[in-house]
J.: 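One structure is given below, represented as structure tokens, and several questions about it will come after.
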Amino acid sequence: MNSKTKLLILWAAILLAAAACSPGGDEVPVAEPTSAPVAAVEPTEPPAVEPTPLPTEPPAEPTEVPSPTAEPTDEPAAEPVAERLGVLRFRDGADVPSGSFQLLIEGIAPPAAGTHYEAWLVDDRFNTLNLGIVEVVDGNVTFEGSVDKNLLVTYSGAFISLEPDGVDDGEIGPVALAGNIPAGSLLHIRHVIIAFGGNPDSKAFLVGAEEQLHHAMEHTGFLQEELAADNIREAQRHAEHVINILDGETGANFGDLDGDSVIQNPGDGVGVRGYFEGAKQHTNLATDAEDVTAEVELHAGHVLISSDNALGRIDEAIGEAMRIIASDSAAEAQPAADKLTALLEAAMNGVDANGDGAIAPIPNEGGLVTAYVHAQNMATVELLATDGAAVAAPAPAEVVEDVAEEVVEEVAATPTAAPPPPAPPAPVAVDMANFAFAPSDLTIPVGTEVTWVNKDSGPRHSATAADGSFDTGLFDGGDEATITFDTPGTFVYYCLLHGSPDGSGMAATITVTEE
């Protein structure tokens, strides 16, 4: 049995297990696989599957009826639910959309001596892409990388295998963790951020929205230049361009708005509004899929909120552009032009409405950029432990007690002549709420104990240093994690799932001083 056949059998078992523990258009064009760390097998067309015929005869009547006085039997044991130990998320690379990945695992045992873990992506035809060797540190994995292709075009699952050191025989070893993106949801996630055949040039909905919004911002810049030159008529012409780009050919405001007898539209006709409405529709279709997961539903909500924020700002922007067209002079039009510029910027990048230093997927904050990131998060691969996975187990209670007794005895035997150390600084708490840290800029003395408290009811958060100097790991709503800072310096940190080491998204700063 070759490696691909074994993987197919295992994958079928994983899909059945996932279906057992999960709650209850147009095809996306699939790019041909390009060169990668391990070459993928050339895909072949899957055989057509005939539908299973419905039974034409009613089931036979039972020949024996259990006695009503029969003793009850034990209930069958419940099927074990696979434990989720990690996630794999997709991000845009430097040059390729969704060309990067981020793997996070908690609670996996280190590989046995002479072996190591490797990460893989897998497509619907069981072709694989090797992402590299995965190192385990204290039961946790943080592993990132990039390739020169859009990974979400091709791949729909991931797994972690256990491989012997120094052996490259083309075979895939035992699989420790595995998971897939729900197929019914993935179809529509791809429509939102990869491609949709019904749009011009098959643009995905949020990709088209971004492109058209950039066009509207560009013509707003032209408008501002004409106002600076006291040329109100040319400024009004560009105001018409902005409205028609935003509203699209089916919009209520589309038309010859500046009265020059020509309808001018530098956009593609769909309109920013049309692309956002399509993104919302297919996001809802992703959550309506039979195999939808809580991960898809969580981030779909974020996409919808951020899209609604952007649509509200677009409505306001159209109103300001209308005021420019109705103005009699450049001076009269200037305040509306300034508001128009700010509204389009907010529709694109969002607004920190509550002043906490972060732009979150909550009402009045997130915009197109936030919606796009959370649409990628909808395509999260949840990695479940397989039957043979080596999950890291906590030390037995008796061992912990023995160690504690030894420490107490050692402390008791320590001379007490030295003066006691100074009292440590007062501990500090940082709230994690609405996908932001509060406070977002904290200054503390060396030795301060900082506790992060996750006050968001659904998502998990972490406080992870951009330079790798500290990491709480991911923890659930209602839980908390504490770190003591003994080294002075200024540290940018972020949430592994909702922020970025460059300080964007859910991110904050801690400054540790000598005193």
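Remember, predicted model here, so these are calculated numbers, not experimental data. Heads up: numbering here begins at 1 and tracks the sequence.
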J.: Please list, chain by chain and in numerical order, all residues satisfying side chain to side chain contact (heavy atoms under 4.5 Å, CB included) with Asp124, sequence neighbours excluded.
T.: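 Asp124: side chain to side chain contact (heavy atoms under 4.5 Å, CB included) contacts with Ser156.
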
J.: Please check this pair: side chain of Asp247 against backbone of Asn253, looking for a donor-acceptor N/O pair closer than 3.5 Å.
T.: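 Confirmed, Asp247 side chain pairs with Asn253 backbone.
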
J.: Is a side-chain N or O of Thr287 found less than 3.5 angstrom from the main chain of Asn284, in a donor-acceptor match?
T.: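 Such a contact is found between Thr287 side chain and Asn284 backbone.
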
J.: For Arg91, enumerate each residue passing the salt bridge (charged side-chain N to carboxylate O under 4.0 Å, His left out) test, keeping only those at least two apart in sequence or located in another chain.
T.: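 In terms of salt bridge (charged side-chain N to carboxylate O under 4.0 Å, His left out), with neighbours along the sequence ignored, Arg91 is linked to no residue.
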
J.: Are any of the side-chain nitrogens in Glu234 or Arg237 under 4.0 Å away from the carboxylate oxygens of its partner?
T.: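 Yes, charged N to carboxylate O under 4.0 Å.
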
J.: Ignoring hydrogens and angles, tell me if any N or O in the side chain of Asp256 forms a donor-acceptor pair with the backbone of Gly259 under 3.5 Å.
T.: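 Yes.
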
J.: Among all residues two or more places apart in sequence or in another chain, which pass the ring-ring contact (aromatic ring centres under 6.0 Å, His included) test with Phe485?
T.: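 Counting only residues at least two positions away or on another chain, Phe485 forms a ring-ring contact (aromatic ring centres under 6.0 Å, His included) with Phe470.
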
J.: Can Trp452 and Tyr493 be counted as having a side-chain donor-acceptor contact under 3.5 angstrom?
T.: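 Present: a donor and an acceptor within the cut-off.
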
J.: In chain order, what residues pass the salt bridge (charged side-chain N to carboxylate O under 4.0 Å, His left out) check against Arg323, with sequence neighbours excluded?
T.: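 Checked Arg323 against salt bridge (charged side-chain N to carboxylate O under 4.0 Å, His left out); matches are Glu320.
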
J.: Val192 and side chain to side chain contact (heavy atoms under 4.5 Å, CB included): which partner among Met378, Gln376, His282?
T.: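 Going through the options one by one, the only one that passes is His282.
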
J.: Within the distance-only criterion (no hydrogens, no angle test), does the side chain of Glu118 pair as donor or acceptor with the backbone N or O of Gly132 below 3.5 angstrom?
T.: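 No; zero donor-acceptor contacts below 3.5 Å.
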
J.: Would you please name every residue forming a salt bridge (charged side-chain N to carboxylate O under 4.0 Å, His left out) with Asp260, sequence neighbours left out?
T.: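 Once residues adjacent in sequence are excluded, Asp260 has no partner under the salt bridge (charged side-chain N to carboxylate O under 4.0 Å, His left out) criterion.
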
J.: Using side chain to side chain contact (heavy atoms under 4.5 Å, CB included) as the criterion, list what pairs up with Ala337, not counting sequence neighbours.
T.: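 Applying side chain to side chain contact (heavy atoms under 4.5 Å, CB included) to Ala337 gives Leu223, Gln224, Leu227, Ile324, Gln334.
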
J.: Under the 3.5 angstrom rule, does the side chain of Thr154 hit a backbone N or O of Leu151 as a donor-acceptor pair?
T.: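 Flag not set: sc Thr154 to bb Leu151 has no pair under 3.5 Å.
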
J.: Going by an N to O cut-off under 4.0 Å, is there a salt bridge joining Asp308 and Lys280?
T.: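 Here Asp308 pairs with Lys280 in a salt bridge, since their nearest N and O are under 4.0 Å apart.
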
J.: Quick one: list whatever passes ring-ring contact (aromatic ring centres under 6.0 Å, His included) with Phe435, sequence neighbours left out.
T.: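 Once residues adjacent in sequence are excluded, the partners of Phe435 under the ring-ring contact (aromatic ring centres under 6.0 Å, His included) criterion are His302, His461, His498.
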
J.: I'd like to check the ring-ring contact (aromatic ring centres under 6.0 Å, His included) partners of Phe254; sequence neighbours left out, ordered by chain and number.
T.: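 With neighbours one apart ignored, the set is empty.
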
J.: Any sub-3.5 Å donor-acceptor pair from Asn309's side-chain atoms to Asn364's backbone N or O?
T.: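 Answer holds: yes.
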
J.: By salt bridge (charged side-chain N to carboxylate O under 4.0 Å, His left out), which residues pair with Lys203, not counting sequence neighbours?
T.: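 Lys203 satisfies salt bridge (charged side-chain N to carboxylate O under 4.0 Å, His left out) with Glu211, Asp268 once adjacent residues are dropped.
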
J.: Tell me, which pairs form a salt bridge (Lys or Arg N to Asp or Glu O under 4.0 Å) where one or both residues lie in residues 126-145, sequence neighbours left out?
T.: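 Sorted result for residues 126-145: empty, none.
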
J.: If you look only at pairs with a residue in residues 129-152, which of them pass as a ring pair (Phe, Tyr, Trp, His ring centres under 6.0 Å), with sequence neighbours excluded?
T.: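 Pairs touching residues 129-152 that pass the test: Phe101-Phe143.
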
J.: Taking Asp356 for its side chain and Ala438 for its backbone only, find out whether a donor-acceptor pair lies under 3.5 Å.
T.: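 Judged by distance alone, no pair lies under 3.5 Å.
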
J.: Enumerate the residue pairs fulfilling salt bridge (Lys or Arg N to Asp or Glu O under 4.0 Å) with a member in residues 357-384, sequence neighbours excluded, ordered by first and then second residue.
T.: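 Found Arg84-Glu382.
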
J.: Does the Asp123 side chain pair with the main chain of Arg125, one donor and one acceptor, at a distance under 3.5 Å?
T.: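 A pair under 3.5 Å: yes.
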
J.: Using the ring centroid of each side chain, check whether Phe205 and Phe196 are separated by less than 6.0 Å.
T.: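 Yes: the rings meet the under 6.0 Å criterion.
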
